Protein chains: 4
Amino acid sequence: MCRAPIASLDCMEEFSGTGGHLDFGRSISLGSNPALPLRHGSTPTPGLRYKNLGKSGLRISNVGLGTWPVFSPGVSDDQAEAILKLAIESGINLFDISEAHSETEIGKILQRAGWKRTAYVITTKVYWSTKSEERGLSRKHIIECVRASLQRLQLQYIDIVIIHKADPMCPMEVVRAMSYVIQQGWAMYWGTARWSQVEIMEAYTNCRQFNCITPIVEQSEYHMFCREKCELYLPEMYNKIGVGLMAWGPLSMALSDTQNGDKLFLPKGSFKTKSFSWTEDEINRNAALSPQGSWGKDRIDEGRRHCDRLRDLAALAEKLGCSPTQLSIAWSLKHEPVQCLLLGATSAEQLHQSLQSLQLLPRLSSSVMLELERILENKPVRPPMISTLALR
Amino acid sequence: MCRAPIASLDCMEEFSGTGGHLDFGRSISLGSNPALPLRHGSTPTPGLRYKNLGKSGLRISNVGLGTWPVFSPGVSDDQAEAILKLAIESGINLFDISEAHSETEIGKILQRAGWKRTAYVITTKVYWSTKSEERGLSRKHIIECVRASLQRLQLQYIDIVIIHKADPMCPMEVVRAMSYVIQQGWAMYWGTARWSQVEIMEAYTNCRQFNCITPIVEQSEYHMFCREKCELYLPEMYNKIGVGLMAWGPLSMALSDTQNGDKLFLPKGSFKTKSFSWTEDEINRNAALSPQGSWGKDRIDEGRRHCDRLRDLAALAEKLGCSPTQLSIAWSLKHEPVQCLLLGATSAEQLHQSLQSLQLLPRLSSSVMLELERILENKPVRPPMISTLALR
Amino acid sequence: MCRAPIASLDCMEEFSGTGGHLDFGRSISLGSNPALPLRHGSTPTPGLRYKNLGKSGLRISNVGLGTWPVFSPGVSDDQAEAILKLAIESGINLFDISEAHSETEIGKILQRAGWKRTAYVITTKVYWSTKSEERGLSRKHIIECVRASLQRLQLQYIDIVIIHKADPMCPMEVVRAMSYVIQQGWAMYWGTARWSQVEIMEAYTNCRQFNCITPIVEQSEYHMFCREKCELYLPEMYNKIGVGLMAWGPLSMALSDTQNGDKLFLPKGSFKTKSFSWTEDEINRNAALSPQGSWGKDRIDEGRRHCDRLRDLAALAEKLGCSPTQLSIAWSLKHEPVQCLLLGATSAEQLHQSLQSLQLLPRLSSSVMLELERILENKPVRPPMISTLALR
Amino acid sequence: MCRAPIASLDCMEEFSGTGGHLDFGRSISLGSNPALPLRHGSTPTPGLRYKNLGKSGLRISNVGLGTWPVFSPGVSDDQAEAILKLAIESGINLFDISEAHSETEIGKILQRAGWKRTAYVITTKVYWSTKSEERGLSRKHIIECVRASLQRLQLQYIDIVIIHKADPMCPMEVVRAMSYVIQQGWAMYWGTARWSQVEIMEAYTNCRQFNCITPIVEQSEYHMFCREKCELYLPEMYNKIGVGLMAWGPLSMALSDTQNGDKLFLPKGSFKTKSFSWTEDEINRNAALSPQGSWGKDRIDEGRRHCDRLRDLAALAEKLGCSPTQLSIAWSLKHEPVQCLLLGATSAEQLHQSLQSLQLLPRLSSSVMLELERILENKPVRPPMISTLALR
């Protein structure tokens with residue numbers, strides 16, 4: 001499939017398409033003294049903004065640090081600490097944690113760094129699984145999890161406790177337990193991750209019925225190839241019940257395929273969602289196996305169309321003078337409902353690169369955005385209402 | 001009264017009726033290291049399942065350990081500890097406590113064993129008595145009881161505090177006090193024991209009116225000869241207000257007559273409910289005294305019919321290749337409303353035998369169950385609604 | 001005014017009118033070991049009963065110890081301790097405290113005696129005054145008072161905190177503050193003293209509106225010459241909103257005039273309520289001053305009628321074989337709404353004498369009670385409802 | 001503009017217009033022992049009264065100490081301590097704090113002085129700013145602020161926590177957080193400062209909807225030249241929802257221009273509200289620049305009229321035998337809605353002078369007040385209701 005060139009972008013003239021990657025200023029001081037008072041009020045990072053999360057009073061930076069990659073096997077303790085320091089120095093005030101191991105490590109870094117507790121926001125998660133049969137999303141499990149997290153973090157309180165996945169069995173128990181956790185002073189707020197809008201709404205209804213504290217945020221996957229929930233349904237949640245959106249995507253989380261790098265924009269294997277599991281190699285390999293392979297013709301065709309899109313995106317990024325990853329991050333932040341986009345990094349340098357994306361935002365004019373929609377061909381629309389009247 | 005043989009049972013062919021007692025595998029390792037990580041997710045005991053208790057999120061094993069017999073006079077400290085260890089290793093995650101003495105003993109064992117607090121669920125009870133005139137079921141009494149239990153158990157919290165018997169005087173005070181106990185973090189949940197469905201419903205109504213935390217479980221006697229409440233009324237409680245059923249019976253609690261053992265299926269004396277106080281000897285002795293004895297002809301006849309039933313049950317158990325006790329346990333577990341059946345034991349060996357019952361369940365086909373109903377002749381039915389209109 | 005003799009009392013024959021004072025058995029062991037386990041379940045004192053206070057689950061003895069006289073200037077520390085020990089040994093499980101000083105002293109005795117905390121009920125008071133201008137009945141004042149009481153008592157919690165007098169300014173604040181005190185675990189219950197039925201009702205309404213914990217008791221003066229509130233209005237409070245009555249009277253509190261003793265039944269001076277401030281001497285002295293004195297003829301006549309009544313009561317007590325004080329105590333206890341009558345004492349002997357009154361109760365037959373009403377001439381009746389319709 | 005002389009004041013004869021400044025008695029003992037028991041019940045300062053704050057039960061003196069000037073740069077530690085001691089000895093029981101620095105200093109003084117915690121009321125503030133981008137009026141911010149204040153004050157609780165300015169984003173979160181702060185025992189009450197009546201009403205509505213604790217006070221600027229909100233709208237808040245008024249004004253806070261002193265009644269520069277930023281010098285300087293200066297003719301004319309008013313007020317004060325500042329304080333206190341007027345001072349002497357104003361109150365007869373209104377010409381009136389009907 002051939003596409004029109006992006007020459008029609010009217011704002012492109014506004015900046016010098018260097019053809020190189022975006023890096024404005026390189027003023028980061030990786031070795032600076034972390035105990036120095038943080039520069040409040042004046043963000044050191046151009047484009048970094050603070051927004052109220054949901055309709056709460058909590059103000060967080062529009063990008064947060066997703067700490068999962070930070071504490072992944074290949075990263076040394078020193079590197080991890082450098083990433084957190086750069087984040088804080090860059091004005092990022094939110095650290096999102098996804099694992100017990102990261103809690104322990106962040107706990108140690110926070111102790112060493114001596115940052116004021118008021119200067120950062122910690123979000124961590126309560127996981128549960130139907131696989132592990134002994135554990136439901138029970139009051140017991142929630143309380144035991146939160147207390148264990150606090151111990152690992154060596155903190156008096158977590159700012160936001162996120163319940164990972166909803167349990168249809170016990171929405172009432174969850175809202176009571178979360179209110180308890182907040183009433184105990186163990187958390188300031190609570191939120192959800194990977195809940196459907198119906199599940200969020202049910203929890204909210206239970207909160208109001210039992211005078212419990214309502215959740216303020218839904219953490220959701222959001223990127224160029226995963227748009228429906230965040231663009232169609234979460235804005236409604238925000239408007240109606242004040243639940244904001246904290247987004248993450250494989251690219252912003254630095255989960256891209258290291259082999260292909262930014263070139264092909266394709267995380268491979270490391271992240272197992274259906275929408276993002278391909279690489280060109282896989283497509284070609286499967287095409288070669290066809291028709292004996294496990295992939296049908298439709299899937300191979302769709303895979304090839306996807307590769308075309310990725311090439312177009314890479315070309316557009318080049319024109320804009322940034323990497324595809326930077327374009328991807330800026331594109332996510334450009335969408336109003338995203339109050340905070342989690343950035344991951346396995347090195348301070350990588351985080352620094354991601355932060356440059358913030359300066360791309362003014363350049364994503366309406367015509368650039370339109371061009372992007374033309375490439376992506378996946379702007380979500382609500383399914384039409386079917387009137388039973390019309391069916392007669 | 002003569003009964004048809006059970007040859008018509010169609011699923012009987014499915015297993016080898018050995019005529020011996022059920023013991024599959026004997027793989028228990030009584031001397032294994034208790035400090036080893038528990039095998040979560042894969043139950044070591046065939047047939048052991050985890051279910052949400054009531055409509056709460058708390059997942060418990062379908063059999064729990066009733067610790068009353070465990071700490072009875074004849075059992076040494078080592079034996080008691082061995083029973084608890086076998087329970088945990090078998091995948092049982094619920095210990096039900098009925099006495100202050102047991103709390104102290106279990107507290108010591110838990111300390112020594114070092115099991116993770118998340119790995120087990122402790123239920124204990126608040127008793128009160130109209131006999132002891134100074135004690136009503138007061139807020140003072142509940143709080144003092146729970147704090148004393150915590151001290152004896154050396155735990156930070158009890159998982160479920162059970163109020164033993166309802167006090168018609170003060171349902172509102174009880175629900176407030178239980179909410180307080182939970183809000184203090186001293187308990188995760190509360191439940192009831194030996195409350196009528198009306199009393200449970202009234203407590204629930206009070207909870208909803210005052211925004212208190214609702215009970216999640218009723219502990220109730222349930223076995224082949226005590227069925228009405230659990231089969232007719234508690235399922236309604238579960239469906240309407242989410243209160244689950246934790247059942248115990250004299251046999252599952254290892255309270256059978258040691259002399260007659262499993263042979264005659266008759267606990268004597270040790271357990272004083274009307275429905276279970278006979279043994280064949282007693283019947284015969286009373287029959288011999290008749291008509292001068294205290295038992296009338298009707299009672300003696302009913303006693304003999306009961307003995308016939310027990311013989312039929314023993315015969316059926318033999319055909320199924322299990323002991324009458326194992327049949328009794330399996331029969332209780334076969335009933336949907338029973339979310340957790342408490343097993344008692346005075347030795348690890350006895351608990352092991354009881355746990356074998358779980359494997360009987362698939363063999364209790366509908367035809368076996370029908371045959372059992374034919375033997376028992378006591379399937380409970382709701383009394384017919386009497387219309388005052390019809391009485392005119 | 002001359003009265004008919006009480007010869008018509010039909011139950012008088014039932015016991016030997018010894019003409020002496022009531023003392024059944026004298027089995028009290030003032031020197032017994034206080035650390036001995038208390039005899040629960042069997043009251044050592046005939047006639048002592050346990051009742052639920054209000055509609056709460058708290059069961060208290062029908063007589064409590066009012067500790068104000070116990071710690072009055074003339075009583076040594078040893079005497080005070082002896083009184084408390086006798087009370088506990090007699091089955092009294094309620095100590096009512098009215099002063100900071102008494103709290104400190106009782107705190108010491110409780111420490112020494114080592115009684116189980118479950119064995120007694122402590123009630124103490126929050127006082128406030130419009131005189132002391134800086135203090136209203138504020139949340140601040142209530143919390144500061146209760147914490148100070150706990151420190152003086154060396155206890156973890158008070159069983160019932162009593163608010164002495166209502167403040168029309170802030171009923172809502174009071175119910176919230178009392179709920180807070182209870183939620184903090186500083187008290188189990190709260191009650192009122194000297195509140196009108198309208199004030200109690202308003203507090204109750206506020207409790208229900210804001211889901212606060214309702215009071216369970218009103219402490220009120222009640223004796224032969226102060227009957228209206230307790231007989232006419234508090235039963236309604238009990239029936240409608242579960243507020244019980246804890247009563248005290250000058251005589252039961254051992255506040256009688258020591259000079260005239262029990263003979264004339266007249267507390268002088270020590271107690272300053274209008275209805276109880278006379279003695280015969282005062283009447284005579286004032287009569288002698290008449291008409292120049294401050295008392296008018298009506299008051300002197302009423303005083304003389306009162307003296308006649310007292311003489312009739314003393315004569316009836318003699319016939320019943322008890323002292324006037326014992327008769328007074330028994331008469332108060334005879335009235336259903338009195339769930340607990342506070343007895344004061346300045347010596348163990350005096351408390352022992354008062355406790356004998358409990359055995360009088362069966363002898364206060366309906367005819368004796370009628371005779372008493374005939375003497376008192378003050379049975380309260382509700383004022384007639386005035387229909388504005390009838391006034392037309 | 002020429003005004004009529006104030007000879008028509010009919011109560012002027014009631015006291016000797018000495019022409020000097022008011023100082024009745026000078027009986028203050030600046031060196032007295034602060035550890036002495038405070039003289040409760042009898043205020044040492046004539047005219048000092050205790051009132052319930054809002055419709056709460058908290059009784060506070062009608063003047064409180066605003067501690068901002070007390071801990072300003074020019075004041076030594078000893079002087080500051082002397083001011084607080086004089087305040088307490090004068091019967092003032094409220095200290096209002098506006099800065100972290102003052103909290104630390106007051107904490108030290110309270111420790112040294114050893115006053116009973118029941119004897120004083122501490123109010124302090126939660127500030128937040130949209131300028132400091134990371135900080136909204138969040139639960140996190142409120143809790144962190146209050147805990148930091150408690151630490152600086154070395155106190156277990158603050159009596160009233162005041163939220164400085166409303167955040168339209170999160171009224172619900174604020175009322176929940178304040179209820180939490182109170183439920184934790186960190187504060188007894190909460191209030192607002194610089195909230196509009198609509199914002200107060202919305203917070204109140206949220207409190208009632210979610211059963212949270214309502215605010216009891218609004219702190220507001222109030223003086224002769226800033227009257228509208230306090231005179232027109234806050235009385236309604238008091239009557240409807242029980243929110244009282246704690247007032248401060250530049251003069252009562254001792255923020256007057258030190259150069260011009262009391263003579264011209266003009267704080268210059270130090271206080272930056274539009275209504276109070278002039279001095280005669282400035283007017284003259286700007287008039288000299290006219291018409292090239294930044295001030296238009298209207299503004300210069302208004303400035304001159306203001307100077308005339310100030311001269312008339314100074315003349316009236318002289319006749320009343322007091323300073324203009326004392327007249328200003330008395331005038332504020334004369335207005336019913338002011339339940340507490342905050343007085344500031346940079347020396348004990350200055351506080352003493354301000355306290356003398358209390359004795360002026362009886363002399364502010366209705367004719368004096370009328371005369372004052374004639375001078376001020378700014379008695380606020382509600383804007384007329386505009387009927388859309390009339391506009392047709």
Side-chain angles (χ1 to χ4, degrees), chain B residues 100 126-152 157 161 163-187 190 192 195 199 202-203 205-213, chain C residues 38-45 48-62 64 88 91-94 115-123 155-160 179-190 207-216 241-242 244 339:
Chain B
V126 170
Y127 289 98
W128 63 281
S129 158
T130 45
K131 292 283 164 37
S132 158
E133 282 198 275
E134 310 87 329
R135 298 277 174 76
L137 185 52
S138 65
R139 182 182 185 94
K140 176 179 167 72
H141 181 59
I142 288 171
I143 291 173
E144 287 171 345
C145 278
V146 170
R147 297 185 69 165
S149 289
L150 286 172
Q151 220 161 15
R152 284 189 293 266
Y157 55 88
V161 171
I163 303 288
H164 189 261
K165 286 196 301 172
D167 183 348
M169 271 303 291
C170 51
M172 192 170 113
E173 182 172 342
V174 170
V175 302
R176 278 206 191 277
M178 292 316 299
S179 273
Y180 175 80
V181 162
I182 292 171
Q183 286 296 328
Q184 290 293 307
W186 297 337
W190 74 284
T192 57
W195 290 36
E199 288 164 340
E202 190 188 0
T205 306
N206 275 303
C207 285
R208 296 302 292 260
Q209 186 178 356
F210 300 110
N211 199 12
C212 291
I213 296 169
Chain C
L38 299 171
R39 282 157 288 177
H40 286 304
S42 65
T43 330
T45 307
L48 196 120
R49 298 276 176 277
Y50 298 94
K51 296 182 181 179
N52 288 51
L53 186 57
K55 290 189 182 163
S56 84
L58 188 68
R59 288 177 77 81
I60 54 168
S61 46
N62 55 352
I88 282 279
I92 290 175
N93 72 351
L94 184 134
W115 295 318
K116 281 169 62 182
R117 185 65 187 87
T118 55
Y120 53 86
V121 167
I122 296 284
T123 68
L155 291 178
Q156 275 193 303
Y157 55 88
I158 295 155
D159 294 287
I160 314 177
S179 274
Y180 175 80
V181 162
I182 292 171
Q183 285 296 328
Q184 290 293 307
W186 298 337
M188 293 290 172
Y189 302 93
W190 73 284
C207 285
R208 296 303 293 261
Q209 186 179 356
F210 300 111
N211 199 11
C212 291
I213 296 168
T214 54
I216 62 164
I241 63 177
Q339 298 186 309

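Residue numbering restarts at 1 for every chain, and letters A, B, ... go by the order of the sequence lines. All values reported here derive from a predicted model rather than from experimental measurement.
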More than 12 heavy atoms of other residues, nucleotides or ligands under 6.0 Å from CD of C:Gln209: is that the case?
yes

B:Leu137 versus chain C, heavy atoms under 4.5 Å apart: side chain, backbone, both or neither?
backbone

Distance check, rounded to the nearest 0.5 Å: C:Asn52 atom CG versus B:Glu173 atom CD?
8.5 Å

For C:Asp159, is it the side chain, the backbone, both, or neither that has a heavy atom closer than 4.5 Å to a heavy atom of chain B?
side chain

Answer with side chain, backbone, both or neither: which region of C:Arg117 has an atom nearer than 4.5 Å to a non-hydrogen atom of chain B?
both

Here the gap from C:Ile213 atom CD1 to B:Arg139 atom CZ, rounded to the nearest 0.5 Å, amounts to 4.5 Å

Between CD of C:Gln184 and OH of B:Tyr180, what distance do you get to the nearest 0.5 Å?
8.0 Å

I need the minimum non-hydrogen distance between C:Lys55 and B:Cys170, along with the two atoms involved.
O-CB, 4.1 Å

When the 4.5 angstrom heavy-atom criterion is applied to C:Cys212 and chain B, the contacting part is backbone

Report which part of C:Thr214 has an atom under 4.5 Å of a heavy atom belonging to chain B: side chain, backbone, both, or neither.
side chain

How would you list, by chain and number, every residue that makes a side chain to side chain donor-acceptor pair (under 3.5 Å) with B:Ser138, sequence neighbours excluded?
none

What's the separation between atom CG in C:Leu53 and atom NZ in B:Lys140, rounded to the nearest 0.5 Å?
12.5 Å

Go through the atoms of C:Tyr120 and report whether side chain, backbone, both or neither lie under 4.5 Å from a heavy atom of chain B.
backbone

Name the region of C:Ile182, side chain, backbone, both or neither, that has any atom closer than 4.5 Å to a heavy atom of chain B.
both

CZ (B:Arg176) and CD (C:Gln183) are apart, to the nearest 0.5 Å, by 8.0 Å

Hey, could you give me the CD/CD1 distance between C:Gln156 and B:Ile143, rounded to the nearest 0.5 Å?
11.0 Å

Which residues pass the side chain to side chain donor-acceptor pair (under 3.5 Å) test with C:Tyr157, not counting sequence neighbours?
B:Glu144

